[in-house]
Amino acid sequence: MLRLLGGAVALACGVAQAIAGSPPPVDDNGGSPMRFEWRREGPADICGSNCRTWISAVGYITADTQREFEAFAKDPGTHGAVLVLDSDGGSVLGTLALGRAIRSLDMVTTIGRTAALPPVGDDRRATLSPNGSCESMCAFLLLAGSRRYVPPQAQVLVHQIWLGKKRKQALESSYSAEELNIVQRDIGRLAQYTIEMGGGVDLLETALRIPPWEPLYRLSADELSRMRLSTVDTLFERDVTGSVAAAPVTTSLATVGHPSAPRNSSAPRN
């Protein structure tokens, strides 16, 4: 399965630190297939009635991710919700299917890192930092939001798509005509998707200039704006008084996907 080897963005949304003396927050980890979780801002005594909620999307994208997301999205609260990405990419076709599912729900996409706070009774809270990353096909997943926000601290890293089984030895490998046909076909699908999502075609052109044996290319703030990867200046909406509007409260945390693994996991990605 093809995957795009580049791209990373990170989000910024200042959130309060944990209560003094509590164990440190535990970061969601992206070394496993993408999973989706409702998160609510904390600590509660700091954000009060304006505690925000979001959906964290952490991990790499597989052919099954879109199906798992649609199972998660049966919760009516997902329509118009904020989706926070922290991913190093994954399957091309999986990303296109997932992106279209996200767009159908009129969601807001951004990038960041979610860290769970120690639970207080049944109250489970988290913090959101701007230091997440969006790499490779994640850059195209970011396009799926009806509105998109990339904070200044964020980075989006892009790279060429390549045959997944040969990306680590791209120069040493040989390629059949059928394999080259697969690459050309998926480049066409990416171009069509990029236009469909309202992105700039120069996103795909820039990614295709960076071969897999070179470092990932970080998009500048100007490029993010020009490629329409970032379309709004703030993430969470504000009401007429200027305070942050709280998102709908969820009754529980719902998880779809696989257990987390260390970020440097060597698990194969199809």
Side-chain angles (χ1 to χ4, degrees), residues 9-60 65 68-69 71-87 102 105 107-134 145 149 151-154 234-265:
V9 221
L11 144 88
C13 228
V15 191
Q17 297 179 349
I19 301 172
S22 298
V26 178
D27 286 350
D28 285 345
N29 201 293
S32 59
M34 183 170 281
R35 67 193 189 281
F36 305 95
E37 292 182 301
W38 277 107
R39 295 295 189 180
R40 193 174 185 204
E41 184 179 15
D45 61 344
I46 294 180
C47 57
S49 62
N50 289 320
C51 296
R52 302 168 290 188
T53 61
W54 65 91
I55 299 168
S56 68
V58 182
Y60 59 85
T65 304
E68 294 173 345
F69 173 75
F72 175 90
K74 289 180 180 179
D75 179 346
T78 58
H79 191 279
V82 171
L83 183 70
V84 179
L85 302 170
D86 187 14
S87 172
I102 290 169
L105 292 170
M107 301 183 80
V108 180
T109 52
T110 188
I111 300 132
R113 178 152 299 180
T114 298
L117 292 170
V120 178
D122 294 330
D123 191 14
R124 300 173 64 185
R125 301 286 182 132
T127 61
L128 182 60
S129 86
N131 298 317
S133 64
C134 189
Y149 174 69
Q153 300 91 328
T234 59
L235 176 56
F236 292 95
E237 293 182 355
R238 295 177 179 272
D239 62 23
V240 293
T241 66
S243 61
V244 177
V249 175
T250 56
T251 57
S252 63
L253 293 179
T255 304
V256 174
H258 299 270
S260 176
R263 189 80 171 171
N264 60 358
S265 170

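Atom set for the values below is all heavy atoms of this structure, side chains included, hydrogens, waters and symmetry mates excluded.
- Annotation: side chain of F69 is in contact with side chain of I102 (closest heavy-atom distance under 4.5 Å).
- One distance of note links CG of L117 with CZ of R40; it measures 12.5 Å at 0.5 Å rounding.
- Contact record, M34 with T65: CB-CG2, 4.0 Å, taken as the closest heavy-atom pair.
- In terms of heavy atoms, A81 sits closest to I55 at CB-CD1, 4.0 Å.
- Using modelled atom types, no side-chain atom of E41 and backbone atom of C51 make a donor-acceptor pair closer than 3.5 Å.
- Nearest heavy atoms, L83 versus M107: CB-CE, 4.0 Å.
- The distance from atom OG1 of T127 to atom CZ of R39, rounded to the nearest 0.5 Å, is 9.5 Å.
- Looking at R125 and C47, their side chains come closer than 4.5 Å, going by heavy atoms from C-beta outward.
- Between F72 and F36, the shortest heavy-atom contact is CE1-O, 3.5 Å.
- In terms of heavy atoms, G77 sits closest to W38 at O-CH2, 3.4 Å.
- Within the model, atoms OG of S56 and CD of E37 stand 5.0 Å from one another, a figure rounded to the nearest 0.5 Å.
- Here the closest non-hydrogen pair linking A126 and T114 is CB-CG2, 3.8 Å.
- The closest donor-acceptor contact from the side chain of S87 to the backbone of V58 lies at 3.5 Å or more, if one exists at all.
- Of the N and O atoms on the side chains of T110 and W54, not one donor lies less than 3.5 Å from an acceptor on the other residue.
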